[in-house]
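To keep things clear, I will list the structure first and then write my remarks on it.
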Protein chains: 2
Amino acid sequence: MSQTVDRALRILPLLAEGPASLAEVAAHLDVHKSTALRLLHTLHEHGMVYRQDDQRYRLGARLFGLAQQAMESLDVRGIAHPHLVALNERTGHTVHLAVHEEGEVVVYIDKVESRYPVRMYSRIGKPVAITVAAVAKLLLADVPEAERRAFAERLDYPRYTAKSTPDADAYLAELARVREQGWATDLGGHEESINCLAAPIHGADGRVAAACSISAPNVVVGADELLTLRPLVLRTAEAISRELSGKEEDV
Amino acid sequence: MSQTVDRALRILPLLAEGPASLAEVAAHLDVHKSTALRLLHTLHEHGMVYRQDDQRYRLGARLFGLAQQAMESLDVRGIAHPHLVALNERTGHTVHLAVHEEGEVVVYIDKVESRYPVRMYSRIGKPVAITVAAVAKLLLADVPEAERRAFAERLDYPRYTAKSTPDADAYLAELARVREQGWATDLGGHEESINCLAAPIHGADGRVAAACSISAPNVVVGADELLTLRPLVLRTAEAISRELSGKEEDV
DNA sequence: ACGCTCATTGCACATCTTGCAACGGGAGGT
DNA sequence: ACCTCCCGTTGCAAGATGTGCAATGAGCGT
């Protein structure tokens, strides 16, 4: 809606991919160099971009700080954290917390590392592999039918592994099942040797506000053994839901 | 420099503190509501802000993703990571990696958790307590004399603990010492019971490009015992420096 | 030393942004 | 149930603001 701001913001994803020179930025925006310069200048003053020694630009530290602060101020996160730690202590596995946001993105907003030496690669703030991750399935299974359908059609279905969700139809079927049963899994769909088990966290309005999961590599526990932890994960999610909905707000 | 973009960007730190309504945003910017609305709209389209159910705005998931991507594309980070993991494996303590950016901010860009049950609170992306953290001392000790002085004067010196750096003079003296000896510590200056030991990572130009540290609470190891790990930390930093400067780039 | 590329600045034009005023809808009070 | 108040939203005209051009300067490789 605002041309200038729109252009300025289009610079950020470009720089996220790696450093770029003024000329590259101008070309990307399809504007004159002087225009790009002024936009970069403004972004720079706000610490959103950083000018490295070779005069190329990359994203600035301010961005990290903002993202950080924003995540910490999320309600769910603060409430859920102790429960996630407890779950990690009882199972030893990596625990994740994720939320969905209209922009078609699911992101991890908290993580407690596995106590086993094998660690999986994931990071807070990272967009989740939406077509395969257990937490993503739960979050999307909750969006209204029509939207969900349109959304599924629009997605890419990367074949991370042989078990990855192949297409929209398979995904919608999976979402229906997940919705039905109230929990979700990802058995080797993202990384061949890693299994996840997730449960939904409900807000006061009954809708799915977040989802938490435990993940473990095959070498530590097999898929069936992981599934035996289902009651534990579900109970954790329910405890968080209750607290989030304020059903036990008192002292 | 660009008024519109400037206004749009001023919205972000406001929202980072917590959700705000349209009216609040407009008041904060000192502009008409309709103006604020259009800016928010543009930010929204880019996923930078999110509109919650109560119609108030908060920062959006896109921001997390951008920050994430930007951090992962930092050279130092990729190079340093395996070394940090190795250091963690040998000592068991929490390992941090931090960089400095002109905007007067030092941020953690990587972290490997302690293997001991006691964990410290810190998070990737978080701005570092600049006046006390060991990594901050190393990074600032390297900026040119004049700038360093001006900078130190401008800072606040929060008394986190009794051992926190009290004022600019003390800080400058500490920086001089750190510069001299080539490593830094924070002995209970940030949190009473936590000690850190940091070493500098040099870029190809010889300047300090980053710093890494190990941290441990008193209950696990005392300050003097932590200091015995100095050679290990220094060697880790040197290894990263060598690789970063391309002094052993080959196959 | 020369010529190249790339960042930077001043300026006049017009485009895009701005604030106003009017509309609409939801919540809360009577 | 009605009315009223508050807040978000929209159309529009005025002009401030952002834009592209062309010229300057800095840095680098030949």
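Quick note: numbers below take in every heavy atom, side chains included, and nothing from hydrogens, waters or symmetry partners. Fair warning: this is a prediction, and the values are worked out from it, not measured in the lab. Below, read A as the first sequence line, B as the second, and so on, with proteins coming before strands; counting in each chain starts at 1.
Not one side-chain nitrogen or oxygen of A:Gln55 sits closer than 4.0 Å to the OP1 or OP2 atom of C:dA7. Using a 4.0 Å cut-off, no side-chain N or O of A:Arg7 falls inside it from OP1 or OP2 of C:dC16. Put simply, A:Ser34 has no side-chain N or O that comes within less than 4.0 Å of OP1 or OP2 on D:dG20. Put simply, A:Thr35 has a side-chain N or O that comes within less than 4.0 Å of OP1 or OP2 on D:dG20.
The distance between atom CG of A:Asp6 and atom P of D:dT17, rounded to the nearest whole Å, is 20 Å. Atom CG of A:Leu40 is separated from atom C1' of C:dA7 by 11 Å (rounded to the nearest Å). Residue B:Arg56 contributes atom CZ, which lies 14 Å from atom C1' of D:dC7 at whole-angstrom precision. Here D:dT9 presents its P atom at 13 Å from CG of B:Leu39, a figure rounded to the nearest Å. To the nearest angstrom, C1' of C:dG19 lies 13 Å from CG of B:Leu37. Rounded to whole Å, the distance from CD on B:Gln3 to C1' on D:dG15 is 12 Å. Remark: P of C:dA27 and CG of B:Asp54 are 12 Å apart, rounded to the nearest angstrom.
Relative to the side chain of B:Lys33, the nucleotides D:dG8, D:dG18, C:dA7 differ in distance, and D:dG8 lies closest. Side-chain atoms of A:Ser2 lie closest to C:dT17 of the nucleotides D:dT17, C:dC20, C:dT17. Checked against C:dG19, D:dT9, D:dG20, the side chain of A:His32 finds its nearest nucleotide in D:dG20.
Across the interface with DNA chain C, nearest-nucleotide mapping of B:Thr4 and A:Leu22 shows A:Leu22 to be the residue nearer the 5′ end. Both A:Tyr57 and A:Met1 lie close to DNA chain C; mapped to their nearest nucleotides by heavy-atom distance, the more 5′-ward contact belongs to A:Tyr57.
Checking side-chain atoms of A:Asp142 against main-chain N and O of A:Arg207 turns up no donor-acceptor pair under 3.5 Å. In this structure, the side chain of B:Arg51 does not engage the main chain of B:Tyr57 through any donor-acceptor pair within 3.5 Å. Side-chain atoms of B:Gln181 do not come within 3.5 Å of backbone N or O of B:Val178 as any donor-acceptor pair. A donor-acceptor pair under 3.5 Å is formed between the side chain of A:Asp54 and the backbone N or O of A:Arg56.
Classification of B:Glu174 and B:Arg177 as a salt-bridged pair holds, one side-chain N sitting under 4.0 Å from a carboxylate O.
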